[in-house]
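Atoms within each ligand, like the ligands themselves, are counted from 1 in listed order. Residue numbers count from 1 along this sequence.
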Amino acid sequence: MRGKQRDLLVDAGLGHFSLRAHVPMLGERPVVCVSSHAHFDHIGSTHEFDLHLAHPAEAEIFADPRPEWTLAAGYANEEMFIAPPEGWDSAAYRVEPCPATGFLEDGDVVDLGDRRFEVIHTPGHSPGGIALFERATGTLIAGDIVYDGDLIDDTFHSDRDAYRASLDRLATLPVRIVHGGHFQSFGPTRLRQLVAAYKG
Ligand SMILES: [Zn+2]
Ligand SMILES: [Zn+2]
């Protein structure tokens, strides 16, 4: 997201390729990197950014991203790709430490100068999950708490009751578009369907 004073990057991918090297736009202006949570597929290139904001509940994982904590131990393998990128080596894969340089709590605002994103704490998939909501445009950047695919609530630090409560809360927002942590973006009707499907 490009702002007037600074740009916002939510999650920095797997880290197999350098984001900074492959996305030159990221070098043009100050970038605020916000992590939706500390799983490996969201924080692989986060160490490349000077300003890294995240929820304190996962501070320990950002600082010490051991494979059991980032889920790389169970998921960072050939099977997660349709076709693995060139040079991929599951055994050698590591996430670089990327301690948060500042913390975001529920209700905080990430201000880009002309665009304001409200922080919504969304525990359930992981304890420090956060979503960002731009009320002016109805844009929800959800992380892994909701996307149009199989939701994951059985990791070592998942919590199903918290998951349901977080989804209920997201379903009340005046959303126009949801960008989830994976798969295609979708609108408010699909959001409510996904929430209802999760809750059974
Ligand atoms: Zn995740
Ligand atoms: Zn993910």
Side-chain angles (χ1 to χ4, degrees), residues 1 8-17 19 23 33-49 52-85 88 90 93-100 103-104 106 117 119-133 139-167 169-170 177-186 190-191 194-195 197-198:
M1 300 282 171
L8 169 65
L9 172 72
V10 182
D11 294 344
L14 199 59
H16 179 63
F17 296 111
L19 258 193
V23 188
C33 179
V34 172
S35 291
S36 67
H37 63 303
H39 291 162
F40 74 98
D41 50 323
H42 298 258
I43 62 166
S45 286
T46 304
H47 65 95
E48 299 177 8
F49 298 91
H52 172 216
L53 306 180
H55 193 277
E58 290 176 36
E60 200 179 359
I61 309 179
F62 293 112
D64 178 12
R66 55 187 76 175
E68 309 80 54
W69 288 354
T70 65
L71 304 190
Y75 289 95
N77 51 47
E78 282 77 10
E79 287 153 41
M80 75 177 162
F81 301 107
I82 295 165
W88 176 261
S90 298
Y93 178 73
R94 292 284 177 279
V95 174
E96 295 287 326
C98 51
F103 291 116
L104 293 173
D106 190 74
F117 292 84
V119 174
I120 301 171
H121 183 209
T122 54
H125 174 73
S126 66
I130 53 174
L132 294 179
F133 183 55
T139 302
L140 179 67
I141 304 170
D144 279 359
I145 194 73
V146 66
Y147 47 72
D148 199 349
D150 286 336
L151 301 177
I152 294 173
D153 63 2
D154 61 354
T155 79
F156 75 101
H157 58 182
S158 296
D159 177 329
R160 293 193 175 117
D161 291 335
Y163 211 123
R164 275 190 289 275
S166 291
L167 287 178
R169 196 170 162 206
L170 295 183
I177 179 123
V178 183
H179 304 299
H182 299 271
F183 308 111
Q184 301 263 4
S185 299
F186 50 90
R190 186 70 185 136
L191 173 62
L194 291 166
V195 170
Y198 180 81

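Between Ala54 and Phe62, the closest heavy-atom pair is CB-CE1, 3.4 Å. Between Ala57 and Gly128, the shortest heavy-atom contact is CB-CA, 3.7 Å. Residues Ser126 and Glu58 come closest through the heavy atom pair OG-OE2, 2.7 Å.
Among heteroatoms of the N, O or S kind in Asp144, OD2 lies nearest the Zn ion (ligand 2). Looking at His37, its N, O or S atom nearest to the Zn ion (ligand 1) turns out to be NE2. Looking only at N/O/S atoms, His125 comes nearest to the Zn ion (ligand 1) through NE2.
Here His42 contributes atom NE2 and His37 contributes atom NE2; the two are 4.0 Å apart, rounded to the nearest 0.5 Å.
Using cut-offs of 30° and 60° on the angle between ring planes, the pair Trp88 and Phe81 is perpendicular.
Distance check for His39 against the Zn ion (ligand 2): none of its N/O/S atoms falls below 2.8 Å. Using a cut-off of 2.8 Å, one finds that His182 contributes an N/O/S atom close to the Zn ion (ligand 2).
The Zn ion (ligand 2) is the vertex of the angle joining NE2 of His42 and OD2 of Asp41, which measures 90° to the nearest 10°.
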